[in-house]
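Start at 1 and go down the list; that is how both ligands and their atoms are numbered.
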Amino acid sequence: MSDDTNVFLYKLLSGALNAQDSGRDRSKQIEIGPSQIGGCRRQVYYQLIDAPKTHEPDKLSSMMGTAIHAMIAEAIKRDDPFGDNFLIEQEMDAFGIPAHTDLYIKDRQLVVDWKTTTKAGLRYFPSEQQIMQVQLYAHMLKANGENPKEVSLVTIARDGKMEHIQVHSEAYDPAKAESGLLWLEEVKVAATKGEIPAPEKPKHFCFASCSWYDATGEVGCLSLRRG
Ligand code: SF4
């Protein structure tokens with residue numbers, strides 16, 4: 001294959017994926033969602049004040065995560081042929097936060113959130129932030145008339161096998177969800193006072209995922225520097 005063909009195909013694929021991704025609602029989201037609560041306060045602060053972005057993280061892994069979610073949403077419909085037991089990709093709003101749950105199984109009163117990672121990333125599963133997120137989904141479903149009793153996180157390693165799928169389940173705990181809402185409220189109050197939260201994430205995380213990472217530190221955020 002010629003270099004010309006290689007360049008053509010690279011541009012075709014990356015251009016098509018980026019164009020499709022930029023048209024997605026999730027990419028355009030400016031409101032704070034449950035997945036961000038309990039993460040980096042400074043990142044949430046930047047989003048709240050609509051600060052100019054200083055970095056464009058590579059999106060391929062999040063695109064793959066989105067594609068896997070869509071595949072699962074389609075696949076699990078066969079286990080609810082009449083569509084009366086599963087709420088799949090349910091859009092909702094509560095406590096001033098927009099969200100959509102991956103899955104709520106009514107007869108089990110179970111909230112499920114699918115996660116994608118790598119085999120190396122499995123050792124961080126589940127994170128406190130992921131637990132907060134799924135507890136918030138349960139809390140929001142409750143506020144919308146459902147009656148959740150349990151929450152589950154299910155993670156899939158993109159470079160793994162079925163045997164690498166891991167599940168974490170625990171009881172729905174309104175207190176955990178409330179602590180997440182309080183966390184967000186505190187960041188909002190700080191933002192109205194012009195108090196900029198300290199960086200909370202290491203450089204490798206920031207470079208990979210934060211639109212306000214700035215290696216110069218002149219406009220955006222330098223990331224958490226130790227020492
Ligand atoms: S660059 Fe890192 S520390 Fe700074 S706001 Fe973003 S995630 Fe937080």
Side-chain angles (χ1 to χ4, degrees), residues 14 17-18 21-22 24-66 68-69 95-100 102 113-137 153 155-158 168 176-227:
S14 59
L17 290 174
N18 277 324
D21 187 70
S22 64
R24 290 182 57 81
D25 285 349
R26 208 180 283 190
S27 300
K28 289 178 179 169
Q29 181 183 312
I30 52 167
E31 290 178 277
I32 308 300
S35 65
Q36 296 165 273
I37 293 177
C40 177
R41 290 172 180 81
R42 189 175 180 118
Q43 188 182 48
V44 169
Y45 161 83
Y46 281 135
Q47 190 168 328
L48 284 169
I49 66 164
D50 200 17
K53 294 182 175 169
T54 51
H55 179 59
E56 191 164 0
D58 188 280
K59 292 184 180 161
L60 186 58
S61 64
S62 72
M63 289 174 188
M64 290 166 71
T66 301
I68 290 170
H69 276 71
F95 313 110
I97 302 171
H100 77 265
D102 286 342
D113 197 40
W114 314 116
K115 294 292 177 200
T116 55
T117 185
T118 58
K119 278 198 287 183
L122 286 172
R123 67 184 185 279
Y124 302 111
F125 175 81
S127 69
E128 291 300 318
Q129 190 175 352
Q130 289 171 337
I131 291 171
M132 175 70 74
Q133 181 184 0
V134 74
Q135 288 284 359
L136 278 163
Y137 288 147
L153 291 157
T155 194
I156 300 154
R158 292 185 298 274
H168 169 86
K176 280 189 187 173
E178 290 289 344
S179 73
L181 295 176
L182 183 64
W183 183 97
L184 179 58
E185 196 51 40
E186 287 172 354
V187 179
K188 284 182 176 175
V189 169
T192 60
K193 293 180 185 167
E195 294 170 5
I196 307 175
E200 293 188 65
K201 298 289 180 183
K203 182 180 169 185
H204 66 89
F205 174 94
C206 302
F207 183 81
S209 63
C210 185
S211 300
W212 293 279
Y213 173 65
D214 179 1
T216 70
E218 288 169 12
V219 180
C221 176
L222 266 176
S223 76
L224 178 64
R225 303 291 164 114
R226 300 199 187 277

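Within 4.0 Å of ligand 1, counting heavy atoms only, the contacting residues are Cys40, Arg42, Gln43, Tyr46, Pro199, Glu200, Lys201, Cys206, Cys210, Tyr213, Cys221, Ser223.
Remark: the backbone N or O of Ser35 is paired with a side-chain donor or acceptor of Gln129 at under 3.5 angstrom.
Using cut-offs of 30° and 60° on the angle between ring planes, the pair Tyr46 and Trp212 is parallel.
Taking each heavy atom of Leu222 and Ala215 in turn, the nearest pair found is CD2-O, 3.3 Å.
Side-chain contact between Tyr213 and Ser223 is present, with heavy atoms from C-beta onward closer than 4.5 Å. Here the side chains of Thr118 and Arg158 are in contact, with some heavy-atom distance below 4.5 Å.
In summary, of the residues considered (Arg41, Gln133, Gln47), a side-chain hydrogen bond (donor to acceptor under 3.5 Å, both in side chains) with Gln36 occurs for Gln47 alone.
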